[in-house]
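Reviewing the structure listed below.
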Amino acid sequence: MESLMKEYAAFEEKVKRTIFIDSLSPAATEAVVRASLDQFGNVIQVKFIPNYLEPKNVGLSALVELENANQAKTIISEISSSSFMICGMPRPVRARAAEAEMLDDRPIKPGRKIVCRWLDSSDPDFEVAKKMKHLVSKHAEEANFCLKHQLEEEENLAKKQTEILNATYKKYELIDSVVGNRVAERLSERYRVHAAKAEQQ
């Protein structure tokens, strides 16, 4: 019994230093998440939560274990107050403290007993179970609605980021052509304006 208590106490400490992150880009990898969070703390483990039922292009979720609980709180605060950068572009990522039920390596809590049984319609708990079933169905419908809205936001964000990247590329392409053709240098000579000469590659 004592060993079980120690095991569960160690698990509870792990939960305290673990955060739950969702709305990550479907293209996000462990290396990307580590690189983004290492500036705030020492990342011990990144574990993506498998997506079996939802579309593949929906945002990913992950459990991230940090070195200690203070680092976990710092990252939650940082993500809540500013945009989370993925490959140089901001993402509507959310973060919060993890819960014990989120971790699949959760040991059995000492003293806890779970009993499963069928309920007869005459059982006093039958109506309670019926209401719970209705609530679960309602929650599933609400989750599907939210998921649809989230996918629309993902598509709009991806379109906006693509437009920004294309505009930035065109801007630098224009600057490169101006410098390469010595247009800036000729204009500075024509209007007698000092301009630094670019080094020839």
Side-chain angles (χ1 to χ4, degrees), residues 17-52 54-98 143-201:
R17 61 176 183 266
T18 301
I19 62 175
F20 171 77
I21 301 178
D22 68 341
S23 296
L24 288 166
S25 168
T29 63
E30 179 178 345
V32 169
V33 175
R34 280 182 177 273
S36 301
L37 299 180
D38 271 339
Q39 57 185 313
F40 305 113
N42 184 23
V43 177
I44 303 299
Q45 183 184 39
V46 177
K47 189 171 185 179
F48 288 100
I49 298 176
N51 175 15
Y52 298 113
E54 298 171 348
K56 297 298 182 183
N57 59 336
V58 72
L60 297 176
S61 300
L63 290 167
V64 182
E65 181 184 354
L66 285 304
E67 192 172 33
N68 54 59
N70 288 334
Q71 292 180 1
K73 292 178 181 178
T74 299
I75 291 177
I76 292 173
S77 176
E78 288 291 337
I79 293 179
S80 300
S81 61
S82 58
S83 298
F84 187 67
M85 303 299 289
I86 291 289
C87 299
M89 302 298 288
R91 294 279 311 172
V93 177
R94 298 169 295 187
R96 63 186 176 93
N144 286 333
F145 174 81
C146 292
L147 178 61
K148 182 180 178 181
H149 181 67
Q150 181 182 347
L151 288 174
E152 291 176 353
E153 288 185 339
E154 287 280 340
E155 291 174 358
N156 291 334
L157 178 64
K159 183 179 179 181
K160 184 177 179 181
Q161 291 180 344
T162 300
E163 291 174 353
I164 293 173
L165 289 173
N166 288 337
T168 303
Y169 175 76
K170 289 180 179 179
K171 179 179 70 174
Y172 283 109
E173 193 176 45
L174 176 61
I175 293 174
D176 186 60
S177 64
V178 169
V179 174
N181 294 332
R182 299 185 62 191
V183 174
E185 187 177 337
R186 291 198 297 272
L187 286 174
S188 66
E189 292 175 354
R190 172 68 178 79
Y191 294 102
R192 299 178 181 178
V193 177
H194 175 72
K197 294 184 179 181
E199 295 182 2
Q200 299 295 324
Q201 299 295 329

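Here the structure is a predicted model, which means the values were calculated and not measured.
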Hey, does [Y] have a side-chain heavy atom less than 4.5 Å from the side chain of [X]?
X     : Y     : result
Asp22 : Val93 : no
Gln71 : Asn42 : yes
Ile21 : Val64 : yes
Leu66 : Ile44 : no
Phe48 : Leu63 : no

Check Ala62 against Leu24 and note the closest heavy-atom contact, atom names and distance. CB-CD1, 4.0 Å
Treating [X] as the side-chain partner and [Y] as the backbone partner, does any N or O pair qualify as donor plus acceptor under 3.5 Å?
X      : Y      : result
Arg34  : Val43  : yes
Thr168 : Ile164 : yes
Glu65  : Val46  : no

Would you compute the distance between atom [atom1] of [X] and atom [atom2] of [Y] and round it to the nearest 0.5 angstrom?
X      : Y      : atom1 : atom2 : answer
Asn70  : Ile75  : CG    : CD1   : 11.5 Å
Ile19  : Lys73  : CD1   : NZ    : 13.5 Å
Ile79  : Phe40  : CD1   : CZ    : 7.5 Å
Asn166 : Tyr169 : CG    : OH    : 9.5 Å
Ser80  : Arg94  : OG    : CZ    : 11.0 Å

With a 4.0 Å cut-off, would you call Arg17 and Glu67 a salt bridge? no
